[in-house]
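Source: prediction; values computed, not measured. Every chain is numbered from 1 and lettered A, B, ... according to where its sequence line falls, protein lines coming before strand lines.
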Amino acid sequence: MYEFTDAVDFYIGIIKALKSGIINPHSPLEEIVLKAGNDSFAYIDNRRDAKGKQGYDLWATAKNQCEDEEQFINWIKSREIAEKLLYSKSEQFPDFIFKVRKHEGKLICGSLLELKDSKSGSIASFNSTLPTKYKSLEEIDVINSKNLVSRVASIIDSKLSSERFYHTFERRCFYLVRTHAGKDDKVKISIVDGSFFETLPKEHLIYQMFLNILRAHIEKKEIKIPPETLTQLEKALSQVTDQTIIASSQIIEKASVRPRLRIMAEVHSEGNPHSSFYPEVSERSLNFIAGAPAYKKELAEAISQKIPEIEVFTIRHRRNGEHGVFQFLF
DNA sequence: ATCCTACGGGCCATTTCGCC
DNA sequence: GGCGAAATGGCCCGTAGGAT
């Protein structure tokens, strides 16, 4: 049992589901996740369709522990979950959270999973939530400006949610990425470690962005700003770190529109494992791609033991170094 | 000629606000 | 406290023009 166990189990789950034919490479990503994930989630963002379309009830286990429906509803309400939220589509970050586990006295797993589906070869844009390697539940609450996600997760994680570091321990972020969706000969699907996308702290990314905009204007208008002023500005702008504040629409005096600034992020091809940068990642493949320690020998052996036809190799991310790739061809 | 990337855009569900 | 409107968060598609 190690940090990546939940993601690896999930990867194996997808392969098994593909092999058995209950899903195919063109099934909706949500369906792939739910059919492969088999009761391993502590949070599902779209609980409405999970239940309605895929027959996956996040609350099934919790319900079974209650005597009847009424008792369950009362219990949920005592945990500050309104009944109408049980099966809603919350549109919060993230799409899925795996259950936490305890190993040698420490919390592990509980990884986050985001879905990105795209008809083209590039990864669908990130809107408002910049991709990172780790996030804690506490940070998720800040991103969402509410704590629905952590409330739901802690109910499903039941006893383990009272562990001391439950809300603060850093959880791995994984991204289930599909490119060339619908094209049978070109489609690629990968579970990608957030480290593939995050090569700089996101705070750095944000203020550099504002500085770039400023520089471009200075250049275009051919105006001179003393270097000291720019240094001061850089210092001031480095305080701009909170995407929630950035993304809220703003009231500008005398304006009858409220401008809204949302930071979206497009993945560079060096950060897209499906791009021509990484020719080793084949078409018609399902991959698990992660930085250290994922490609350590023990893990590779454990995976190969379960699914012998998986190929194991490494690719080199220009900025974040070696990443292990587990590849299954379909 | 074909592929790829950057950018712009459309659209919609849920949540919160604020009025009655 | 209920209700409609406004605010917010999110998804990913289409396309022009550059790269190969």
Between Asn127(A) and Lys119(A), who's closer to the 5' end of DNA chain C by nearest nucleotide?
Asn127(A)
Measure the distance from CG on Asn212(A) to P on dC7(B) and round it to the nearest whole Å.
12 Å
With side chain to side chain donor-acceptor pair (under 3.5 Å) as the test, pick out the partner of Ser195(A) among His323(A), His317(A), Lys133(A).
His323(A)
On the nucleotide dG10(C), are OP1 or OP2 found under 4.0 Å from the side-chain N or O atoms that Thr129(A) carries?
yes
Pair Phe196(A) + Tyr278(A): ring centers closer than 6.0 Å:
yes
Checking all strands, does Asp49(A) fall into the base, sugar-phosphate, or nothing category for heavy-atom contacts under 4.0 angstrom?
nothing
Under 4.0 Å, heavy atoms only, any strand: does Ile123(A) hit a base, just the sugar-phosphate, or nothing?
nothing
Selection from dC11(C), dT15(B), dG9(C) that lies nearest to any side-chain heavy atom of Arg260(A):
dG9(C)
Take the protein atom OH of Tyr278(A) and the nucleotide atom P of dC4(B), then report the distance between them rounded to whole Å.
16 Å
Just the rounded figure in Å: distance from P of dG10(C) to OH of Tyr175(A).
12 Å
Kindly determine whether Lys99(A) and Asp6(A) satisfy salt bridge (Lys or Arg N to Asp or Glu O under 4.0 Å), including the steps that lead there.
CA-CA 8 Å; Lys99(A) 290 176 179 169; Asp6(A) 51 0; over 6 Å; no
If you find the nucleotide of DNA chain B closest to Tyr87(A) and the one closest to Lys186(A), which residue's nucleotide is nearer the 5' end?
Lys186(A)
Evaluate the criterion salt bridge (Lys or Arg N to Asp or Glu O under 4.0 Å) for residue pair Lys135(A) and Glu114(A); output intermediate values, then yes/no.
CA-CA 12 Å; Lys135(A) 281 187 173 72; Glu114(A) 271 288 295; over 6 Å; no
For a quick check of understanding: with a heavy-atom distance under 4.0 Å over all strands, which category does Ser269(A) fall into, base, sugar-phosphate or nothing?
sugar-phosphate
Atom CZ of Phe93(A) to atom C1' of dG10(C): distance rounded to whole Å?
12 Å
Expressed in angstrom and rounded to an integer, what is the separation of Leu148(A) atom CG from dG9(C) atom C1'?
14 Å
Pair Phe10(A) + Phe174(A): ring centers closer than 6.0 Å:
no
DNA chain C nearest-nucleotide lookup for Glu266(A) and Gln92(A): closer to the 5′ end is Gln92(A)
Whole angstrom value for the distance that separates C1' of dC11(B) from NZ of Lys89(A)
12 Å
Any side-chain N or O of Arg48(A) under 4.0 Å from OP1/OP2 of dT14(B)?
yes
Can you check the Asp117(A) CG to dC13(C) P distance for me, whole Å?
7 Å
Calculate the interatomic distance between Met264(A) atom CE and dT5(B) atom C1'; express it in whole Å.
14 Å
Give a yes/no answer on whether the side chain of Lys116(A) brings an N or O atom under 4.0 Å of OP1 or OP2 in dC11(C).
yes
Name the nucleic acid region contacted by Arg178(A), choosing base, sugar-phosphate or nothing; use a 4.0 angstrom heavy-atom cut-off, strictly under.
nothing
